[in-house]
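We name chains A, B, ... by the order of the sequence lines, and we start the count at 1 in each one.
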Amino acid sequence: MAGESITITDRISGRFTTLAWVLIPVAVGINVVGGALTNVLRIPLFLDSIGTLLLAILAGPLVAAVGGVLTNVVLSVVRSPTMLPFGATQAAIALVAGYLAKRGWFLIRERRDYLKLAGVAVAVATTSVLVGWPLLVWIFGGITGTAPDIIVGIFLAAGFDIEIAALGSQLVIEPVDKAACVVIAYVIATSVPDRYRPSFGQRILS
Amino acid sequence: MTGSMNAERDVETLIEGADGSDTLFEYQPGSSLLHRLNPVTKLVCSVGLVLIVFLLPDFRGPLLLSIALFALVAAAGAARSVGTVLVAVGAPLALSLILIQGLFYPENESILVAIGVPVIDQLVFYVEGVEFALLILFRLTVLMIALLGTIITTHPKKMTIALMEKGVSNKIAYVFMAALQFIPQMQERAQSILVAQQARGLDTSATLRQRVRSYIALMSPLLIGTLIATETRALALESRGFTRSGERTYLLEVRDTGFGRALRWLTALAVFAVAGWVIA
């Protein structure tokens, strides 16, 4: 049945090379394993979008967006289906970071250029809050059964609405977490020897 | 995609290596109605049900649907696997929801129960907050049971074939399968890198700054190692006609029955009916 006509997914994915397709599962793996490693090292952050950001730097926004969505599809399979909605956040982060990478924001030659990296961190954190916040309110009513609930609880106890409480908890956690992800992803990406970098990444980082 | 049988075993090792909060999906072979349904039908029905419970404004509907769905999943012999995940994810969620919303939901007015506690005098749970908490909880319960039921009664390979037959690109199917297989492999690799770095003096109980550095020291070799492998993987896929278009035949046959088609239309109709009823 399939194959005769060109399907929608074919049209979207037509521009990806085989190498790009092979990189997507790598990003998913890095996201999931990286999140688990924070437990081993007792780092009080999620760091669950490093793979997505790495893919954005090494292979571009669209590939990274597919990797981001797939991460949460896989997480909803191996951990809990409640992770599924936040795939939208991953995709948005990927698009923003990948676009900025294309514009040369990851190209650091002198000291001043670190401001660009800070800019990426701000952009990614903002995107994450803007996309994650409505999902948190509409789907979960602010509570997800994880540690940030405490912050939501404090805001609600102080008499704020659920919308404000959810925004508050996002603002407390996301900027630190996403900024750390951006910096760590950059450091890891630059530690990859040039010959193993996909061609997109070679152009972005050197 | 030769390792689909491997993938199931490997996901188990993944979970063993991770911390206790992780739970596991596991395909359970069987011949129940749920097992025989076309995977796409199961997905469509799941999504439909999730849409319906998110449209319903009261917790009783989602509660009834949760019970009905759980009965269906139990009939397919998946009660234990679904139950484990439900308890592991649902219990902290329920506790958090009822505690926070029951006490502090902004529209709280009528008192449900007041518990005397030392220090702060008494804890008052309100009807509105608890009802809101239950609404969210049972919506998410339906989401979990529906998706877990689909996953547990469908072999991943069958799922990908069914999706490809419905027009999803074979590449999307590949990345899904590959990602599922990749995670346990990478987890194993990360474990050996961790051990290797510990032998070189990596301290997992140092200061936070040090630990973040250790994190990078673990992730870099992991990424570089997998990047080297991806080149080979890309060549292998290419040589098997990965990017070719044209008719494909599949080793596994996934049947689509008239009953399944009817079920899909029924689900779509139900979603619209509920949407109409809620808006009106």
Beyond-backbone contact of A:Leu41 with B:Val212, side-chain heavy atoms, under 4.5 angstrom
no
Please tell me if the side chains of B:Tyr215 and A:Ile50 come closer than 4.5 Å, counting only heavy atoms from C-beta onward.
yes
So do A:Leu156 and B:Tyr105 actually touch side chain to side chain, heavy atoms under 4.5 Å?
no
Taking non-hydrogen atoms and a cut-off under 4.5 angstrom, which of residues 170-181 of chain A neighbour chain B?
none
Residue B:Leu103 versus chain A: region with a heavy atom under 4.5 Å
neither
Under 4.5 Å to a heavy atom of chain A? For B:Leu137 that would be neither
Does anything in residues 160-169 of chain A reach chain B? List residues with heavy atoms under 4.5 Å apart, or say none.
A:Phe160, A:Asp161, A:Ile162
Please classify the contact between A:Leu45 and chain B as side chain, backbone, both or neither, with a heavy-atom cut-off of under 4.5 Å.
neither
Proximal component of A:Val26, with respect to chain B [non-hydrogen, under 4.5 Å]:
both
Whether the side chain of B:Gln101 engages the backbone of A:Gly141 through a donor-acceptor N/O pair (distance < 3.5 Å, no angle test) should be reported.
yes
Using non-hydrogen atoms and a 4.5 Å limit, figure out which bit of B:Phe54 sits close to chain A: side chain, backbone, both or neither.
side chain
Flag the pair B:Leu140 / A:Phe140 as yes when at least one side-chain heavy-atom distance between them is below 4.5 Å, and no otherwise.
yes
Whatever's closer than 4.5 Å to a heavy atom in chain B on A:Thr71 counts as neither
If I measure from the heavy atoms of chain B, does A:Val192 come under 4.5 Å with its side chain, its backbone, both, or neither?
both
Please classify the contact between B:Ile136 and chain A as side chain, backbone, both or neither, with a heavy-atom cut-off of under 4.5 Å.
side chain
Just wondering, do A:Asp149 and B:Leu93 contact through their side chains at under 4.5 Å, heavy atoms?
no
Is it the side chain or the backbone of B:Thr230 that comes within 4.5 Å of chain A heavy atoms, both, or neither?
both
Taking the side chain as every heavy atom from C-beta outward, state whether A:Ile184 and B:Met219 have any atom pair closer than 4.5 Å.
no
Can a donor-acceptor pair be found, under 3.5 Å and without considering hydrogens, that links the side chain of B:Arg139 to the backbone of A:Ile139?
no
Proximity breakdown for A:Leu54 and chain B, heavy-atom pairs closer than 4.5 Å:
side chain
